[in-house]
2 protein chains.
Amino acid sequence: MFQVPTKTQYAIRALVHLVHAKSASVASIAEAEHIPSKYLEAILGKLKNAGLLISERGRNGGYRLAKDPTLIPMSEVVQATEGEIRLVECVDNAAVCILGEGCLPRHFWLGLKSAVDLYLESVTLAEIAGPETSST
Amino acid sequence: MFQVPTKTQYAIRALVHLVHAKSASVASIAEAEHIPSKYLEAILGKLKNAGLLISERGRNGGYRLAKDPTLIPMSEVVQATEGEIRLVECVDNAAVCILGEGCLPRHFWLGLKSAVDLYLESVTLAEIAGPETSST
DNA sequence: TATAATTCCTACTAAATAAGTCTGAATATA
DNA sequence: TATATTCAGACTTATTTAGTAGGAATTATA
C-alpha cells in the first residue's frame, strides 16, 4: 500500500524542473531528469489536460507552468497524474457498503483519506521546488 | 496511488470478526465474511507471524487474538499484511538520493509518510471493531 | 488406532495495474 | 520544404495483486 507510482514521481520532477526553467521541451526535461522521454510525453500531456501546464507546439515549442507554483497544491499534481484517490470502494460509494453509515472500518478509511488529502493540500509545488535560483 | 489492497481489507474484517468471536477457524471466518478461504488462510498466517494472532492446530483448532484489541494499533495490522510502507525508494534509503538531505521532494514524501503513520498509529483495532456485543 | 478437522507450506495460475515503446499525425518556425 | 516539436492511440512488457491447488503436519475424538 502507498507505493507512489514512478509516474507521479516523474511528474513532480518535471514540474520542479519547469519551476526553475520557465519553459522546456519534453526532450530537454527527459534528459535532465533521466526520464524516458516518450513516457514523460504522456505524463506532461496529463498535467496539461489538468490545467497545470501550457504547451506550445512546433519548433521552439515546449511546456511551461500554467500558474504560479505557490498556487499549485500537491493534491492537484497527484490528482492530475492518478485521478481521484480511492482508498477502498466503499469510501466514495457508500451504497456499496451494507452497513452504510454505521460501518466502522469505513470511518477508519475515511479518516486515512482525509489525513492524506489534508497533507497533500498543505504543500505547494513552490515549496518543493525550493528557492528560485534564477535572477529577477 | 493509495488503493488499499483487498488483502488488507480482508485482514481487517477477519480481525474484527475475531474481536467478537474470541476464537474461530479459517473456514468459519471465510464463510461469515465472504472471503475466499484459501486466500484467507495465507493472510491469517501472516498475521500470526506478525504476532497478532495465536493459532491452535488440529481438530477444534483455529485462531484467536494474541492480545487485547485496544493494544493493537492499525499500523501493526497494515504492517503485518504489507510489510513496511515504502512510499518511494529514497525515503527509507537516503543513500539512493543524490541530493541527500537537501532533497526537497524527499522531505515532501517523508511528510506524507509521517502523516499516514501517525494516523494509523492513532487508531486501534478495538475502535474499528466497535462495542463488544458478547457478555462478560 | 483410524478418522476428521484443522493449521501450515510451497508452488502455481490468473487478473489487474504500472511502465514503457512504437507509429505517425498535427503544428509551427526558419 | 525540412525540422523540431506536441499530440493521440494502440501496443508490449514487467510487476504486483488476487486467488487456487495439493498435500504434509498436527490434534481431538470416536
Side-chain angles (χ1 to χ4, degrees), chain A residues 1-14 18 21 23-31 33-66 78 80-89, chain B residues 1-14 18 21 23-31 33-66 78 80-89:
Chain A
M1 170 159 78
F2 300 156
Q3 174 82 326
V4 177
T6 65
K7 199 197 315 177
T8 300
Q9 300 185 46
Y10 288 163
I12 292 175
R13 298 230 303 269
L18 283 171
S23 170
S25 69
V26 170
S28 68
I29 300 174
E31 190 186 6
E33 301 291 334
H34 302 101
I35 300 171
S37 99
K38 272 306 200 177
Y39 196 29
L40 182 58
E41 212 174 283
I43 293 167
L44 295 189
K46 284 194 171 191
L47 294 175
K48 187 206 163 188
N49 290 337
L52 294 178
L53 295 181
I54 289 172
S55 67
E56 217 87 43
R57 292 171 77 152
R59 201 161 184 167
N60 299 340
Y63 286 93
R64 62 196 161 84
L65 292 182
V78 169
T81 59
E82 307 183 26
E84 185 55 48
I85 290 178
R86 164 166 301 200
L87 285 172
V88 294
E89 188 63 19
Chain B
M1 172 159 74
F2 300 157
Q3 174 80 327
V4 177
T6 63
K7 199 196 315 177
T8 299
Q9 300 184 47
Y10 288 164
I12 292 175
R13 299 231 301 270
L18 283 171
S23 171
S25 69
V26 171
S28 68
I29 300 174
E31 190 186 7
E33 302 291 333
H34 304 101
I35 300 170
S37 98
K38 273 304 206 177
Y39 195 31
L40 181 59
E41 212 173 284
I43 293 167
L44 294 189
K46 284 193 172 190
L47 294 176
K48 187 207 163 184
N49 290 337
L52 293 179
L53 296 180
I54 289 173
S55 67
E56 217 88 43
R57 294 174 74 153
R59 198 159 188 170
N60 300 339
Y63 287 93
R64 59 195 161 85
L65 293 180
V78 169
T81 57
E82 307 183 25
E84 185 56 48
I85 290 178
R86 164 164 302 200
L87 285 174
V88 294
E89 187 64 20

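Here is how names work: the chains are called A, B, and so on, in the same order as the sequence lines, proteins then strands, and each is numbered from 1. Predicted, not measured: the structure shown is a model, and the values here were computed from it.
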Measure [atom1]/[X] against [atom2]/[N] and give the value in whole Å, please.
X	N	atom1	atom2	value
Lys46(A)	dA19(C)	NZ	P	10 Å
Leu47(B)	dT7(C)	CG	P	13 Å
Leu40(B)	dT20(D)	CG	C1'	14 Å
Glu33(B)	dG19(D)	CD	P	15 Å
Glu82(A)	dA19(C)	CD	P	9 Å
Gln9(A)	dA19(C)	CD	C1'	13 Å
Tyr10(B)	dT20(D)	OH	C1'	13 Å
Ile29(A)	dA4(D)	CD1	P	18 Å

Between [X] and [Y], what is the shortest heavy-atom contact and its length?
X	Y	answer
Tyr63(A)	Leu18(A)	O-CD2, 3.3 Å
Ala11(B)	Thr81(B)	CB-CG2, 3.4 Å
Ser25(A)	Gly61(A)	CB-O, 4.3 Å

### Message
Under 3.5 Å, is there any donor-acceptor pair linking the side chain of Arg57(A) to the base of dA26(C)?
### Response
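Looking at the base of dA26(C), it does pair with a donor or acceptor on the side chain of Arg57(A) (distance under 3.5 Å).
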
### Message
Determine whether a donor-acceptor pair (one donor, one acceptor, N or O, separation below 3.5 Å) exists between the side chain of Lys38(A) and the base of dG9(D).
### Response
no

Below 4.0 angstrom from OP1 or OP2 of [N], is there any side-chain N or O of [X]?
X	N	answer
Ser28(A)	dT5(D)	no
Lys48(A)	dC7(D)	yes
Asn60(A)	dT5(D)	no
Ser55(A)	dC7(D)	yes
Tyr39(B)	dT17(D)	no

### Task
Verify, without hydrogens or angle tests, whether Glu82(A) (side chain) and Thr8(A) (backbone) share a donor-acceptor contact under 3.5 angstrom.
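No, because the side chain of Glu82(A) does not come within donor-acceptor range (under 3.5 Å) of the backbone of Thr8(A).
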
### Query
Just by distance, do the side chain of Glu41(A) and the backbone of Val26(A) share a donor-acceptor pair under 3.5 Å?
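Looks like no, no N/O pair under 3.5 Å.
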
Let's see if you can work this out: which of [options] has an atom nearest to the side-chain heavy atoms of [X]?
X	options	result
Pro36(A)	dT21(C), dT7(C), dT27(C)	dT21(C)
Arg59(A)	dT27(C), dA8(D), dA30(C)	dA30(C)
Val26(B)	dT7(C), dA5(C), dT6(D)	dT7(C)

### Message
Closest-nucleotide mapping onto DNA chain C: is Glu41(A) or Asn49(B) further toward the 5' terminus? I mean the 5' end.
### Response
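Closer to the 5' end of DNA chain C: Asn49(B).
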
### Query
So what does Gln3(B) touch, heavy atoms closer than 4.0 Å: a base, only the sugar-phosphate, or nothing?
nothing

